[in-house]
Protein chains: 2
Amino acid sequence: MAQKKVHCDCLETIKPVRDTLDVINGKWKIPIIISIGVGNDRFTDIQESIPGISPKVLAKELKDLEQHQLLRRIIIEEYPVKISYQLEEYADTLTPLIYALKDWGINHRKKVTESFS
Amino acid sequence: MAQKKVHCDCLETIKPVRDTLDVINGKWKIPIIISIGVGNDRFTDIQESIPGISPKVLAKELKDLEQHQLLRRIIIEEYPVKISYQLEEYADTLTPLIYALKDWGINHRKKVTESFS
DNA sequence: TATAGTAGTTACCTAAAGGAAAGTGAAATT
DNA sequence: AATTTCACTTTCCTTTAGGTAACTACTATA
């Protein structure tokens, strides 16, 4: 009695989703992980593999990803000194998510182009 | 000859991923879809089911999602008039992505809390 | 008559994201 | 000696996201 109809609870799903979104937010983090994942390990190569990214943004995102323990910045003590970016093993846990993002994007583009035919 | 070593190509993955990110960007769109998906169909119920969302942001995101054909705003001609938000069938295609986001978030929280024990 | 609920809108503001362009310092190359 | 490469940094600026608070028009309820 005095029973109010309330909203359905979905926090068990929303909370972890938001935790994920907090880590991979923005346009650039997942693309950077993909680029390093296929073998780009130098700053300039990563930059050239991602259309539209500026060095400022790339530097900032690389720092964020390092702090989240998704990649490592490695200084190679040769002459001249080189910098190599490598994914941490933990970044592999993102693989299912990356495929889900990719698959949905492929399907979505199909849908959008079909609606113009 | 004159062959320069170039970056590895990963555009086939990055492009669709960015298409997806363009649709589901921000903190709120996926949580809103989850909330409606579990049965919240009224503005106020959706708002109360998502901690921290303001009516302004909710109204704006609902319009965006309607434009992307992920949900529908339905006017129920009773007295008083009611508004119901319903997911389009197309929103079901987001399910694997939502599970990927949820699972990674759960695992990530486990990792973060473990590192403090 | 007063209060509460529904579905928002409006105005104002801050912070973060991101783009453009140039610069930097060290080393290598021509 | 001049240019190029690498890995950024710096400055300046605009856009977008999002937060806060108040307000609206309508209806229902006490």
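We name chains A, B, ... by the order of the sequence lines, and we start the count at 1 in each one.
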Worksheet item: For the pair made of CD in Gln47(B) and P in dG8(C), what is the distance, rounded to whole Å?
Response: 11 Å
Fill in: Near-strand residues of residues 20-39 of chain A, defined as heavy-atom separation under 4.0 angstrom from DNA chain D
none
Worksheet item: By a strict heavy-atom criterion of less than 4.0 Å, which residues belonging to residues 64-85 of chain B are in contact with DNA chain D?
Response: Tyr79(B), Pro80(B)
Please check if atom [atom1] in [X] has more than 12 non-hydrogen atoms from other residues, nucleotides or ligands closer than 6.0 Å.
X         : atom1 : value
Lys111(B) : NZ    : yes
Gln69(B)  : CD    : no
Glu89(A)  : CD    : no

Response to the item:
Among dC6(D), dT9(D), dG18(C), the one nearest any side-chain atom of Thr44(A) is dC6(D)
Practice prompt. Check the hydrophobic clustering (I, L, V, M, F, W, Y; side-chain heavy atoms under 4.5 Å; chains of links allowed) and say if Ile30(A) and Val38(A) are grouped together.
Written response: no
Worksheet item: Does Ile34(B) belong to the same Ile/Leu/Val/Met/Phe/Trp/Tyr cluster as Ile106(B), with side-chain heavy atoms less than 4.5 Å apart forming each link?
Response: no
Worksheet entry | CZ-CD distance between Arg42(A) and Glu48(A), expressed to the nearest 0.5 angstrom | 11.5 Å
Only distances under 3.5 Å count here; give the side-chain donor-acceptor pairs of residues 98-105 of chain B to other protein atoms, sequence neighbours excluded, each with its distance to 0.1 Å.
unit_1, atom_1, unit_2, atom_2, d
Trp104(B), NE1, Thr93(A), OG1, 2.9

Discussion item. Can you list everything that forms a salt bridge (Lys or Arg N to Asp or Glu O under 4.0 Å) with Lys27(B)? Sequence neighbours excluded, please.
Written reply: none
Give each protein N/O atom lying under 3.5 Å from an N/O atom of nucleotides 20-24 of chain C, with the pair distance.
none

Item to complete: Nearest-nucleotide wise, let me know which of Lys60(B) and Glu48(B) is further upstream toward the 5' end of DNA chain C.
Response: Glu48(B)
Worksheet item: Quick one: ring pair (Phe, Tyr, Trp, His ring centres under 6.0 Å) pairs with a partner in residues 25-75 of chain B, sequence neighbours left out?
Response: none
Discussion item. Quick check on dA7(D): is either OP1 or OP2 less than 4.0 Å from any side-chain nitrogen or oxygen of Arg42(A)?
Written reply: yes
